[in-house]
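Counting starts at 1 for both ligands and their atoms, following the listed order. Just so you know, these numbers come straight off a predicted model, no measurement behind them.
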Amino acid sequence: MSSTYPYADRFPVNATMPVEGRDRAEIIAELGDLARAEDATWETGQCSGTMYCGDHDHYDFLGEVFAQYAHVNVLQRDMCPSATRFEGEIIAMTLDMLNADAVEGAKPVGMVTSGGSGSILHAVLAYREQGRQNGIGHPNMVKPETAHPAFDKAGFLLGVEIRSAPVDPQTTQVDLDALAGLIDDSTVAIVGSATNYGYGTIDQIEELAELATSRGVGLHVDGCLGGFILPWGEELGYDLPLWDFRVPGVTSISADTHKYGYGFKGTSVLAFADQELRNGQYFFVTDWTGGKYCSPGIEGSRSGGLLASTWAAMVSLGREGYIHHARGIFETSYAMQDVVRTHPELRVIGKPSFCFSFTSDELDIYHINDFLRTRGWRLNGQQYPDAIHMAVTRPQVRDGLVERFTADLSEAVVYAASGLTDPPSTGAIYGGVEGGPSDESDEFIRAVMADMMDRHQDVPARP
Ligand SMILES: *Cc1c(COP(=O)(O)O)cnc(C)c1O
């Protein structure tokens, strides 16, 4: 695989620590080249998700803010009071956006985590600990199968069993009876998504909240993707169901500042309807030789740069800025969905909004994806059923993009319908690992993951 090691043909590979340090200007020049090459794949706007903002002026601004706080360790609050301001205000602004003032009889709070998976991990931890308080030794959580794998990962890490309820393949709505049937005395919470990643559809949050309340368990709403855009869609008058703290029974919500919040990668907000649930997952040691240790989350030391730049993203945009960008995203997404619907062979799945997926009952949808790739598109493949997915983000909001999609999709349909015998080259991948058979063994998958970290070892040393 050495031939595929990135940039091995252009630069020496650092297989050991260089003895002498390199010139800063030379490093900056080298990175500039690489970063510009990397930008090129999404700058055309033909890419699903990934780059939520895409505005280099905004990135430069965040970079300037980041630089002022990059070196600050926010674990040491006595030395960086501004981190307390940034974090507190990120949480307050997010609670405001999520209508936490509708919560009755409890004190809504939050925490800033390292991303969507980080928020989900802390939520699962909070419910596990709440369950433990109630004597639950082997906790489980119940999710629609469409909920993000970060829940399964959190379950793996924290010893919480994650049970999946089936969804209707046409509407993607979870089977509420099946989900209720998975709840037992050891269930600590159920999960709903607004929206789920795969289909961009919103689970029946009001029904799930009623169920959670009646069974005395929590309800986590995964708004990692939708949290920072659905509120603005509602203000713009789009037909969207309620899913936030206005729904009684919603006990926590994750909302990613590093997606539609347009912050740098590395932050997300986990909001709780009640302070007690959050406080229960705090970890501290009071009798350590190094002193009393307390950290507000799973991370220890954290960079002040991420808090400062996330805060700056939010206050520089404000509600008006977010609504402005949301308008373009919703309009583009609905226009692209209309384009898909002009093809009777294709079917938009469920009732999505800013993010959607589509399949075909007649054609191999991966052949469609193959063709679109030749035209520069990077949509994501999905499975059960096979489908392709488009999370519309700001890079797609531009003149001519929908027209281009219209033309390319028409050709893709003709291509897929032309009696192809070759199997498609694309499949269902999330997380950027490509290649290999579709039914990989665990060992194969481990090898592919490890290869990303280890590949340099096979690159021949150069003089
Ligand atoms: C992206 C996403 C996550 C996970 O977030 P990361 O930031 O990638 O860790 C969880 N849930 C949904 C719905 C998402 O879209």
Side-chain angles (χ1 to χ4, degrees), residues 47-53 90 94 98 111-125 141 143-158 162 164 167 172-174 189-205 208 219-231 233 240-241 243-244 250 252-271 297-299 302 306 309-310 313 329 333 349-350 352-357 379-382 387 389-393 428-433 449:
C47 158
S48 168
T50 315
M51 291 299 165
Y52 289 81
C53 171
I90 292 168
T94 307
L98 299 175
M111 59 196 293
V112 177
T113 72
S114 61
S117 302
S119 286
I120 289 168
L121 189 63
H122 285 90
V124 173
L125 177 61
M141 285 176 64
K143 67 162 204 170
E145 61 183 343
T146 45
H148 198 275
F151 291 97
D152 303 272
K153 185 197 268 184
F156 165 74
L157 292 169
L158 298 171
I162 306 294
S164 277
V167 303
T172 76
Q173 299 285 277
V174 66
I190 58 185
V191 172
S193 304
T195 66
N196 58 58
Y197 164 84
Y199 303 110
T201 51
I202 302 178
D203 287 319
Q204 308 96 300
I205 301 300
L208 291 173
L219 172 62
H220 178 81
V221 176
D222 181 8
C224 283
L225 192 61
F228 271 85
I229 187 163
L230 290 174
L240 300 165
W243 57 274
D244 63 16
V250 171
S252 58
I253 301 176
S254 46
D256 286 357
T257 33
H258 76 185
K259 288 182 176 161
Y260 292 101
Y262 310 126
F264 278 147
K265 284 288 182 245
T267 64
S268 166
V269 176
L270 174 57
I298 285 169
E299 284 83 26
R302 289 187 295 158
L306 282 175
S309 58
T310 298
I329 289 169
S333 178
I349 303 178
S353 60
F354 62 91
C355 156
F356 65 97
S357 77
L379 278 61
N380 309 112
Q382 304 189 155
H389 161 105
M390 181 76 203
V392 177
T393 56
I429 298 147
Y430 176 179
V433 179
M449 290 169 79

List ligand 1 atoms under 4.0 Å from [X], heavy atoms only on the residue side.
| X | answer |
| --- | --- |
| His258 | 7 (O) |
| Lys259 | 1 (C), 2 (C), 3 (C), 4 (C), 5 (O), 14 (C), 15 (O) |
| Ser117 | 4 (C), 5 (O), 6 (P), 9 (O) |
| Thr195 | 13 (C) |
| Ile120 | 10 (C) |
| Asp256 | 5 (O), 7 (O) |
| Asp222 | 10 (C), 11 (N), 12 (C), 13 (C) |

| Hey, does Val250 have a side-chain heavy atom less than 4.5 Å from the side chain of Asp244? | no

| query | Do Ser193 and His148 come close enough that some side-chain heavy atom pair is under 4.5 Å? | reply | no

| task | May I ask you to check whether Tyr260 and Phe354 place their ring centers less than 6.0 Å from one another? | result | yes

| task | Please name all residues satisfying ring pair (Phe, Tyr, Trp, His ring centres under 6.0 Å) with His389, sequence neighbours left out, ordered by chain then number. | result | Tyr197

| request: Using the side-chain hydrogen bond (donor to acceptor under 3.5 Å, both in side chains) rule, take Thr113 and Ser119 through it: C-alpha gap first, then chi angles, then the decisive distance, then the call. | output: CA-CA 6 Å; Thr113 72; Ser119 286; 2.8 Å; yes

| query | Below 3.5 angstrom, do we get any N/O pair linking Ala150 and ligand 1? | reply | no

| task | Please name all residues satisfying side-chain hydrogen bond (donor to acceptor under 3.5 Å, both in side chains) with Ser254, sequence neighbours left out, ordered by chain then number. | result | His220, Asp222

